[in-house]
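One structure is given here, and the rest of the page talks about it.
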Amino acid sequence: MDGSVKVTGTPALQLRSVRRVYGFGSAATTALDDVHLTVPSGRFVSLIGPSGCGKSTLLRLVAGLEQPDGGEVSVHGVTPAQACAAKLIGLVPQSPALLPWLSVLRNVTLPQKINRGAAGRRERIADFAERRTAPDMKELLVKAGLGDALHKLPAQLSGGMRQRAAIVRAFGLQPDVLVMDEPFSALDEFTRESLQDQLLDLWEELRTTVLFVTHSVSEAVRLSDTVVVMAPNPGRIVESIDIDLPRPRGERLFGERRFHEYEDLVRERLRRAWHSEAA
């Protein structure tokens, strides 16, 4: 099924007939088959579906960490490898992966100091001819609630604070596409909702295109412009649901009828995905 929405100009992300297979012969497993997805620039899109439906595989293909066995993946009209070389893609994994011997501030500023040739590569990609001013990382950390932790080591921070630092680090690269693989899955509900608030604050200011993997229906509905529902065996997209809720989306959203109607809709589509069979 096509997960596309109407796009003008070059989309931020485009997957055409993407297939990914692990293993060989009778032991081969088709993680993704005939996946089509188009994401316009500046959209927040979440992938949700049963375990084994290929959400993380799709994310790794977009991030350039794996190659498809068939079809095409493009980021602003170039390959993920070219996009990564131009620092167009940022990654926030499940684990923050901060360097333990560097302070929070030094961790989040380190990516700006490497791959200095990325600016020239960015300029050669359509729609990115303008030079970007490096963001004030201290200011981003303060906005993320880490103003008092600038000079602390990762071991001195809570799990939620470490994940916040990882998100700031990714945004600090000013990527056009940010891929996030269940970044809040290991956190308690209160911390998770707090980080959702801060993620939305940063996103609404910077308007980076986000591809976000989650198992939480509430999280997907709260954060997203579009929720993409996936099904397993083989992994594929079965539906794209546009979330027509006003922004900003603060805590009041949890009490609104329309929010819960979208939750019910996504859950119903997920139930179908659980029980669906390969076409």
Side-chain angles (χ1 to χ4, degrees), residues 12 41-44 63 76 83-84 86-123 127-181 183-184 187 190-212 219 222-225 246-251 253:
S41 184
R43 299 278 288 184
F44 198 121
H76 278 280
C84 287
K87 288 187 179 178
L88 291 183
I89 300 176
L91 172 65
V92 180
Q94 292 182 30
S95 173
L98 301 174
L99 297 177
W101 59 88
L102 295 181
S103 68
V104 169
L105 182 59
R106 291 183 67 191
N107 259 288
V108 302
T109 54
L110 181 63
Q112 295 178 343
K113 300 174 183 178
I114 60 177
N115 191 14
R116 295 187 180 273
R121 298 184 185 98
R122 183 190 291 265
E123 290 175 4
D127 301 329
F128 293 96
E130 81 284 359
R131 289 187 178 274
R132 296 187 175 188
T133 303
D136 185 327
M137 298 306 292
K138 287 184 179 180
E139 183 179 334
L140 286 182
L141 286 168
V142 170
K143 286 183 179 179
L146 293 170
D148 294 331
L150 298 179
H151 305 295
K152 291 183 178 180
L153 296 174
Q156 298 174 289
L157 307 180
S158 67
M161 293 173 75
R162 287 194 294 270
Q163 196 60 282
R164 256 179 272 175
I167 292 170
V168 169
R169 178 179 59 189
F171 271 114
L173 284 174
Q174 293 183 292
D176 185 72
V177 174
L178 184 60
V179 293
M180 309 182 75
D181 191 2
F184 308 144
L187 305 174
F190 179 81
T191 304
R192 186 175 189 139
E193 290 179 4
S194 175
L195 263 65
Q196 290 172 8
D197 288 335
Q198 286 156 342
L199 172 59
L200 285 174
D201 285 346
L202 287 170
W203 175 78
E204 285 168 6
E205 179 178 343
L206 301 172
R207 288 293 171 172
T208 297
T209 305
V210 175
L211 190 63
F212 187 97
E219 183 169 75
R222 185 188 185 192
L223 295 176
S224 306
D225 296 309
R247 295 186 184 275
R249 297 178 183 171
E251 291 182 359
L253 188 70

[X] side, atom [atom1]; [Y] side, atom [atom2] - distance, nearest 0.5 Å:
X	Y	atom1	atom2	answer
L178	L211	CG	CG	9.5 Å
Q196	T191	CD	OG1	11.0 Å
Q156	R162	CD	CZ	11.0 Å
L153	L102	CG	CG	8.5 Å
L140	D136	CG	CG	7.0 Å
S224	E219	OG	CD	8.5 Å

Please check: side-chain N/O of [X] versus main-chain N/O of [Y], any donor-acceptor pairing under 3.5 Å?
X	Y	answer
T209	G42	yes
N107	L99	yes
T109	L105	yes
D181	Q94	no

For the residue pair [X] and [Y], establish whether any side-chain heavy-atom pair is separated by less than 4.5 Å.
X	Y	answer
R249	D197	no
R247	W203	yes
P248	E204	yes
M180	V210	yes
K143	Q198	no
Q163	V92	yes
P175	I89	no
L141	V108	yes

Before you tell me yes or no, could you show the steps for L150 and V104 under side-chain contact (heavy atoms from CB on, under 4.5 Å), namely the whole-Å CA-CA distance, both residues' side-chain angles and the distance that decides it to 0.1 Å? CA-CA 5 Å; L150 298 179; V104 169; 5.5 Å; no

Taking all non-hydrogen atoms of both residues, which atom of [X] and which atom of [Y] are closest, and how far apart?
X	Y	result
L98	P154	CB-CG, 3.8 Å
L146	A165	CD1-N, 3.6 Å
A170	L91	CB-O, 4.2 Å

For the residue pair F184 and F212, does the interplanar ring angle fall in the parallel (under 30°), tilted (30 to 60°) or perpendicular (over 60°) class?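 F184 vs F212 ring planes: tilted.
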
Tell me whether D201 at atom CG has more than 12 heavy atoms from other residues, nucleotides or ligands lying less than 6.0 Å away.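 Yes - once you tally the heavy atoms of other residues, nucleotides and ligands closer than 6.0 Å, there are more than 12.
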
Is it true that, when you exclude R192 itself, more than 12 heavy atoms of the residues, nucleotides or ligands shown sit nearer than 6.0 Å to its CZ?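 It does: R192 CZ has more than 12 such atoms within range.
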
Pair L88, V177 - check side-chain contact (heavy atoms from CB on, under 4.5 Å), show working. CA-CA 6 Å; L88 291 183; V177 174; over 6 Å; no

